[in-house]
Trainee: 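What follows is a single structure, and I will ask about it in a moment.
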Amino acid sequence: MGPVGAGQFTKLFNNALTITNMKNAEDVLRLAAQVGLDIPALVAVVSASSGGSAALRSLGHDITPELAEHVHVLMDKDMRHFANAVRARGGDPAQVLQRGLAGAAGLVEAAWLVNRDRQ
């Protein structure tokens, strides 16, 4: 990946992409719920289609509302580490940080939307 520390920096970028993708999934699921779609069915179909992502699949299978209570705190922390590392190298993480923090903040609600019929 490059010089010493590049692997850790790469992991921060991977986490940032995952968490910002989570925000995309949360936004789409919230809108789908507003128009009355069956959220678990939507997740199943889209996960197997071109709109699928690791973030959406994890909401549909791995991240329960209870787990989301813990994971969103870690996601928030990861985004702040990412932003600090980017700033230390002269980059401006503002837009990605804002979207990632929003993704972390919305995780619990999104997990509830996906899992409400399974409770």
Trainee: Step by step, would you call V86 with D92 a side-chain contact (heavy atoms from CB on, under 4.5 Å)?
Mentor: CA-CA 7 Å; V86 168; D92 180 7; over 6 Å; no

Trainee: Locate the shortest heavy-atom distance separating L59 from V114; write the atom from each residue and the value.
Mentor: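 In this case the closest contact between L59 and V114 is O-CG1, 3.3 Å.
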
Trainee: Could you tell me whether the side chain of N14 and the main chain of T10 form a donor-acceptor pair under 3.5 Å?
Mentor: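 Here the side-chain-to-backbone pair does not exist.
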
Trainee: For the CE atom of M22 and the OG atom of S58, what is their distance to the nearest 0.5 Å?
Mentor: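 If I round to the nearest 0.5 Å, the distance is 3.5 Å.
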
Trainee: Looking at every non-hydrogen atom in both residues, tell me the closest pair between L113 and A33 and how far apart they are.
Mentor: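 Minimum heavy-atom separation between L113 and A33: CD2-CB, 3.8 Å.
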
Trainee: Calculate, to the nearest 0.5 Å, the distance between atoms OG1 and NE2 belonging to T64 and H70 respectively.
Mentor: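 Answer for the OG1-NE2 pair, T64 versus H70, is 11.5 Å.
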
Trainee: Quick check: is M79 connected to I63 through a chain of hydrophobic side chains (ILVMFWY, heavy atoms under 4.5 Å apart)?
Mentor: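 Yes; tracing contacts between hydrophobic side chains, which count when under 4.5 Å, links both residues.
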
Trainee: I'd like to know if L29 and V46 are part of one continuous hydrophobic network [Ile/Leu/Val/Met/Phe/Trp/Tyr, side-chain heavy atoms within less than 4.5 Å].
Mentor: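 They do share one cluster, since a chain of ILVMFWY contacts under 4.5 Å joins V46 to L29.
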
Trainee: Check the pair V43 / R57 against side-chain contact (heavy atoms from CB on, under 4.5 Å), numbers first and verdict last.
Mentor: CA-CA 7 Å; V43 169; R57 283 188 299 278; over 6 Å; no

Trainee: Quick check for you: to the nearest 0.5 Å, what is the distance between H61 atom NE2 and L56 atom CG?
Mentor: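 These two atoms lie 8.5 Å from each other.
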
Trainee: May I ask you to decide if L17's main-chain N or O and N21's side chain share a donor-acceptor pair within less than 3.5 Å?
Mentor: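 Checked: pair present.
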
Trainee: Which pair of heavy atoms, one from A68 and one from A111, lies closest together, and at what distance?
Mentor: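 A68 and A111 have their closest heavy atoms at CB-CB, 3.8 Å.
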
Trainee: Restricting to non-hydrogen atoms, name the atom on L107 and the atom on E26 that form the minimum distance, rounded to 0.1 Å.
Mentor: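 That would be N-OE2, 3.2 Å.
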
Trainee: If you group Ile, Leu, Val, Met, Phe, Trp and Tyr by side-chain heavy-atom gaps below 4.5 Å, do I19 and F13 land in one group?
Mentor: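 Shared cluster, yes.
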
Trainee: Quick one: NE2 on H72 to CG on L67, what's the gap to the nearest 0.5 Å?
Mentor: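 Result: 11.0 Å between the selected atoms.
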
Trainee: Quick check: closest heavy atoms across V96 and F82, and the distance to 0.1 Å?
Mentor: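 In this case the closest contact between V96 and F82 is CG1-CE2, 3.6 Å.
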
Trainee: Is a salt bridge present between D27 and R99, judged by a nitrogen-to-oxygen distance below 4.0 Å?
Mentor: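 Yes, D27 and R99 are salt-bridged.
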
Trainee: For the atom pair CG (N24) and OG1 (T20), what is the distance rounded to the nearest 0.5 Å?
Mentor: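 Rounded to the nearest 0.5 Å, the CG-OG1 separation comes to 6.5 Å.
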
Trainee: Taking all atoms of both residues into account, what is the closest heavy-atom pair of A104 and M75, and its distance?
Mentor: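 Scanning both residues completely, I find the closest heavy atoms to be CB-CB, 3.7 Å.
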
Trainee: In Å, rounded to the nearest 0.5 Å, how long is the span from NZ of K77 to CG of N15?
Mentor: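 Answer rounded to 0.5 Å: 10.5 Å.
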
Trainee: Is there a path of hydrophobic side-chain contacts, each under 4.5 Å between heavy atoms of I, L, V, M, F, W or Y residues, that connects L101 with V108?
Mentor: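 No, it is not one cluster - the side chains of L101 and V108 are not joined through contacts under 4.5 Å.
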
